[in-house]
Each structure stands twice: as C-alpha cells, then as structure tokens.
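Here is the structure we will look at.
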Amino acid sequence: MKTELDAAIEAAVKELFGVEVKVELTRPDEQFGDYATNVALRLASKLDKPPREIAETLAQHVKDRISHMKEVSVAGPGFLNITLIDEALLKLAESEPVQNYKGQQILVEFGDPNPLKAMHLGHLYTTVVGDAICRLFEVAGADVKRLSYHGDVGMHVAKAVWAIGEQISWDTDRLQDLEADEIRIDGQKLTIKTVIGYLYAKGAQAYEEEGHAAEQIRAINKSIYAKDQADVNKIYDWGVKRSFAYFDLVFKELSVNYDKRYLESESSPIGLESVQKHLGKVFEKSEGAIVYKGEKKGLHTRVFVNSEGLPTYEAKDLGLTELKKRDFPNAGKSIIITATEQTEYFRVMLAALSEFDAELAAKTVHMAHGFLSLTSGKMSSRTGKVHQAQELLDDTQEAVKQAYPDSKVQCEVYLAAVKYTFLKNRIGGDIVFDVQESVTLEGNSGPYLQYALARANSILKKSQIPNPKSQIDSLEPDERSLLRKLGEYAETVEKAVDELMPHHIAIYLYELAQKFNSFYEHNRVIGDAREEIRLSLVQKYADTLKNGLETLGVPAPESM
RNA sequence: GCGCCUGUAGCUCAGUGGAUUAGAGCGUUGGUUUCCGGUACCAAAGGUCGGGGGUUCGAGUCCCUCCAGGCGUACCA
C-alpha cells in the first residue's frame with residue numbers, strides 16, 4: 001500500500017507541475033504524522049518556486065484526491081506531513097511485504113567450518129547471519145538453496161590427524177575413547193563437540209615448533225592424498241565423519257538446514273582444469289606459479305596454482321563456482337558470505353572469472369561481515385587461541401539456566417539470546433558478544449522479545465472473546481500508536497530484503513515490543529469496555545512479532 | 001607504501017540530504033504495583049557525530065584532507 005501512496009503523490013506532482021519525480025515516503029517522528037516527504041524541496045529549484053508554496057499546493061491537492069489521507073500539513077521548509085485515517089493504518093498493518101524475488105532461485109553459501117578443525121566463533125556468526133539472509137530471500141518469494149563448502153584436504157587436516165594419532169598412540173581401536181561423553185586430555189574436560197578442535201590446536205602448535213612433529217605432519221599430509229597408510233586413513237575418515245556429525249548437530253540446533261555440501265577435494269580438480277584451460281589468456285605464469293594479474297583491473301596479483309602445480313584456494317573457489325553452476329544452472333543469483341578479510345580476495349577471484357564466464361561472475365556476489373568477539377576478552381581455555389563456537393553456546397545456555405531456572409523453553413531462550421544479539425547489528429561491522437547482556441530481559445535482547453510475545457499470548461489465552469473483530473473507528477491514542485507501528489512491518493521487511501540487512505527487522509521488532517509493553521502497562525485489555533478492539537490489536541501484534549522473529553530465525557515460543 | 005573497512009553518549013549500537021531536541025539499550029540518578037506474567041513501565045542527567053576544510057538554502061549522512069584502529073596486500077584457507 002505504501003508504494004500506492006508513493007505513486008499517487010508522483011501522479012499528483014505530474015498533474016500539478018508536469019514534472020516526473022520519484023517519491024519515497026519516509027516515516028517521520030510520530031508527532032509529525034504517519035508519513036512525510038521532502039518532494040517539494042526537491043522540486044523547488046526545478047520549478048523555480050519557493051518550496052513552501054509548492055508544498056501548500058501539493059498538500060491541498062493530495063488531501064482532496066488521494067484516499068486514506070486524514071490530514072496533510074506543510075511544515076518547516078516545505079515538508080509534507082501526512083496523517084492517515086485509522087482504516088488506512090489497519091490496511092497497512094494487514095499488508096504483506098512485496099515479493100521481489102518470487103520464483104527466482106538463489107544460492108547462498110555460508111558457514112563453511114572445516115572438518116578436523118574447530119568450529120569457532122566466526123563460523124557461528126556467519127552461520128546465523130547467512131541463514132537470516134536466506135530467510136529474507138524466502139520471505140521475498142525466492143527458492144533458496146543453502147550451500148556450504150568445506151576444506152577436507154590440506155595441512156590443517158594433517159595437523160589434526162597427527163595430534164589424534166599421538167593421542168591414541170596410533171592405535172585406531174582407541175578412537176572410540178574420543179567418543180566418550182567426557183574426555184580428559186591434558187587436564188582439560190572435553191566432549192565429542194570440542195575434542196577435535198582441541199587436538200587440531202595441539203597439532204598446529206607442534207607444527208609451528210618445527211622439529212620431528214612437523215616432519216611427521218608433512219608426511220601425513222602426503223599420505224592423506226595418496227591414501228597409502230591404513231592408520232592415517234582410519235583416523236582421517238573418523239575425523240571427517242565426527243566433524244560433520246558435530247557440525248550437523250550445531251546446525252540442527254540453530255535450525256539451519258543446508259541443501260548441499262561441497263568439499264574442496266571436489267572443487268580442486270575442476271578449478272585446476274579451469275585455470276589451465278585459460279592459461280595465456282586470463283592467467284599467466286610467473287615465478288613458477290600461475291597467477292592472475294589483478295592490476296589490470298585495479299586489484300592485485302594472486303596465485304591460482306602454486307609452483308608445485310597444486311591449486312590454491314583461488315583456483316578451488318573458481319572450481320566451486322563451476323560446480324554450483326552445474327548443479328543449479330537456473331540460479332539467478334549466487335551469494336557467498338564470509339568475513340571481511342576475504343573481500344579483496346573475492347574481488348580478484350571474480351575479476352578472473354569474469355574474463356571467461358562474465359555471466360556467472362555477474363551473478364556471483366560476495367558479502368562480507370565483521371568479526372565476532374567476546375566482551376570478557378578471556379583467552380580460550382581449550383584452544384589457547386580462538387574461542388570455539390561451543391564455548392559461547394555453552395556459556396549462554398548456562399546463563400539462561402541461571403536467569404530462567406523454571407522456564408520450560410530454556411533452549412529456545414538461549415538460541416534467541418545468541419541469534420538476536422548477532423542479528424541486531426548491521427552486517428559489516430565487528431560485533432562484541434556479552435553473554436549476560438544477550439540473556440537479560442532488561443534491554444534490547446532476544447529474551448525481551450520472547451517475553452513481550454509471551455505476555456501478549458497470555459492475554460489472548462485468557463480472553464473469552466474467541467475471534468475479536470477489528471473495529472477501528474475512533475482509536476484511542478495508545479491504540480493508534482500501536483497500530484501505526486504494526487503498519488510499518490511490511491515496509492521494514494521490504495527494506496531489509498532490499499539491502500540484505502536483517503538488523504532492520506531486529507530493531508523494528510524491539511521498537512514494536514517496547515510499544516506493546518508500554519501499551520500493556522497503561523491499558524487494560526481483559527474486562528475493559530474496549531476489550532474486543534484491544535484484543536484484535538494484541539492479536540495482530542503477537543502475529544507480527546512471531547512472524548518477525550521467525551523471519552530472523554529466532555525461536556518464538558508461546559510462553560516462557 | 002597501496003587498497004578496503006571502521007570511528008556517533010562512560011559502554012554496546014541505530015541513524016533515510018532537511019522541521020524545535022542526533023536516537024535506543026546498558027550503566028548512573030529518581031519515580032510507578034487494588035495490574036491481563038513488574039524479568040515490566042515512566043522520567044532525568046549524559047553528544048563540539050575522530051580533527052580540519054569544501055559543496056548546499058541545509059551535512060552524522062556527499063566530496064577533499066589529516067589522525068586513530070582493524071583487515072588485506074603472490075604461492076595459507
């Protein structure tokens with residue numbers, strides 16, 4: 001409906017002044033009205049008339065011709081402030097977001113933890129953000145395919161295999177020891193969720209110290225490719241299997257459902273072939289390696305195939321774009337979500353791709369997000385360097401148990417705490433996670449929203465009126481204010497989809513919940529003379545909040 | 001050195017080229033309970049929007065420059 005109003009004002013401008021102008025209504029402070037536009041100011045120089053005069057003319061015209069308008073006033077240098085009739089607010093509150101991606105298939109790659117390595121904070125963040133982006137596309141009508149990509153070969157794998165081997169004295173029957181509920185290594189209490197990450201870190205440290213261990217690790221790396229050592233094969237297979245089993249557990253808990261998983265061992269040969277095929281035209285030899293000279297496009301040179309003839313990450317990623325194209329030839333858009341550190345890298349990779357498959361390169365978009373850190377700043381006790389994802393999840397879960405000891409939905413609450421904290425920030429900047437703040441009901445948190453929903457549900461359950469009808473004649477100020485906020489939902493979702501920024505929805509939901517809590521505090525619903533109308537508002541509010549939380553992937557339980 | 005990103009209240013963050021007063025939350029100070037879940041609500045204090053120029057009738061927002069921090073910058077992923 002908002003777009004109809006935009007168009008109506010555009011038409012009015014054209015009729016009055018004979019000028020084509022794009023009008024986008026904005027949401028001003030509530031005291032000024034429901035919508036505002038600065039179109040008169042933008043027209044002033046074009047028409048060579050004072051902006052206030054244009055505004056006055058337009059205001060009168062618009063008020064008379066366009067329905068839904070209760071009041072159109074001119075303010076300041078020439079703003080048009082529009083107050084809608086209550087029926088129009090109701091219509092807005094009932095409107096659905098426009099589906100700009102209807103029928104389009106969209107690929108989104110995100111998450112990407114590597115087997116035989118820890119799943120760390122960054123993986124957790126990128127997984128939640130990536131899933132939220134997917135949900136935005138889905139709300140906009142797209143057929144979304146969630147993809148992940150994992151490094152299943154390479155030195156990191158060898159380091160972990162070495163450390164696991166040492167831990168079990170290369171007796172592969174003892175691998176089952178590492179599947180116990182509680183595993184004690186070096187005085188650390190570990191679980192199947194954290195043991196591989198811990199051992200990887202041990203292997204990585206041993207490798208850095210050079211010496212005998214490093215030699216062995218290099219030998220293991222070769223064996224993994226050659227598959228010529230039974231014990232290495234066994235540990236590798238076990239490690240990959242256990243890693244994915246753990247990742248799947250986390251993804252399931254986060255309600256993230258991937259459609260397809262790609263492995264580096266698959267993309268590697270395809271990428272290599274692709275680079276060799278375009279050698280001389282796109283890529284060139286330099287110092288024994290095959291590189292792409294990004295300087296011709298204002299970028300920098302990157303190695304695609306190293307001097308040993310092995311594909312680097314660049315070539316593998318090139319191979320991955322090809323794999324995705326084979327699997328999903330009709331995809332209209334392919335998005336890759338990673339941390340910002342890879343921004344320049346992707347520019348070069350896509351620049352190279354554009355030279356031999358411009359169409360695919362044009363469809364492929366890299367999206368970068370910032371880094372996630374913890375307020376405590378403490379070093380991880382388990383890896384010594386980076387925090388494993390599981391630590392944040394465990395800590396938050398523990399905090400929820402303490403804060404809500406009697407809740408029957410502790411799992412939903414802790415997931416809301418984690419996800420909402422991630423999603424309320426604009427994607428791109430670094431974010432700081434504070435466990436206590438994420439869990440609290442005092443402030444802008446996931447649990448606050450869940451509580452605000454639970455209170456509304458509680459009212460709805462207690463009322464004797466089964467299907468409250470919305471009679472919107474003569475709303476009281478608090479009622480109107482709530483309805484006005486509800487009417488912003490559809491356009492907020494549209495904006496979030498348009499910019500691929502879920503935080504717009506997160507912030508809106510918080511404002512909505514505040515509006516409701518304030519309404520709740522000052523207005524009785526059950527037993528009041530206005531019960532039916534108020535109940536209908538509460539119902540709309542609960543529906544909107546629930547829908548919004550689900551759009552973000554945040555659980556929305558009935559009660560807490 | 002070069003490239004990209006970031007810099008808004010003590011802290012964590014929103015902010016669409018315009019309207020007296022740049023907004024939230026936490027923290028601080030002070031209030032509210034014959035009530036549908038008070039884990040809530042109401043209010044106050046707290047800002048030269050990193051500095052300096054410029055464009056404009058108007059800049060947190062656009063341009064230039066400087067400062068500070070982060071990331072990247074050829075064989076890691």
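Note that the coordinates shown come from a computational prediction; the quantities given were computed from them, not determined experimentally.
- The same atom, C1', is picked in B/C76 and in B/U16; the two are 42 Å apart, to the nearest Å.
- Side-chain atoms of A/Glu531 and A/Ser463 include a donor-acceptor pair closer than 3.5 Å.
- Nearer the 5' end of RNA chain B, as judged by each residue's closest nucleotide, is the contact made by A/Asp430, out of A/Met560 and A/Asp430.
- Ring-to-base geometry does not place A/Tyr510 in a stacked arrangement with B/G25 (centre distance under 5.5 Å, plane angle under 30° required).
- In this structure, the ring of A/Phe244 has its center less than 6.0 angstrom from the ring center of A/Phe247.
- For A/Tyr420 and A/Tyr510, the gap between ring centers reaches or exceeds 6.0 Å.
- Across all strands shown, A/Gln450 has no heavy atoms under 4.0 Å from either base or sugar-phosphate atoms.
- Ring pair A/His369/A/Tyr125: centre-to-centre distance below 6.0 Å.
- Protein atom NE2 of A/His300 is 16 Å distant from nucleotide atom P of B/C71, rounded to whole Å.
- Nucleic acid contact for A/Lys461: none, since no nucleic acid atom lies under 4.0 Å from a heavy atom of the residue.
- Note on A/Ser463: nothing from the nucleic acid sits closer than 4.0 angstrom, heavy atoms only.
- One atom, OH of A/Tyr420, and another, P of B/A24, lie 15 Å apart when rounded to the nearest Å.
- In this model, the phosphate group of B/A19 is not approached by any side-chain N or O of A/Arg52 to a distance below 4.0 Å at OP1 or OP2.
- If you measure from atom CD of A/Glu30 to atom P of B/G23, you get 15 Å, rounded to the nearest angstrom.
- Following rounding to the nearest Å, A/Glu437 (CD) and B/U39 (C1') show an atom-to-atom distance of 16 Å.
- Contacts of A/Ser518 with the nucleic acid, taken as non-hydrogen atoms under 4.0 Å apart, involve only primed sugar atoms and P, OP1 or OP2.
- Whole-Å rounding puts the A/Met349 CE to B/A74 P distance at 18 Å.
- An aromatic stack links A/Phe79 and the base of B/A19, using centre distance under 5.5 Å and interplanar angle under 30°.
- Applying the 4.0 Å criterion to OP1 and OP2 of B/G15, one finds that A/His503 has a side-chain N or O inside that range.
- At the heavy-atom level, A/Gln514 lies under 4.0 Å from the strands shown only through sugar-phosphate atoms.
- The separation between A/Lys117 atom NZ and B/C76 atom P is 14 Å, rounded to whole Å.
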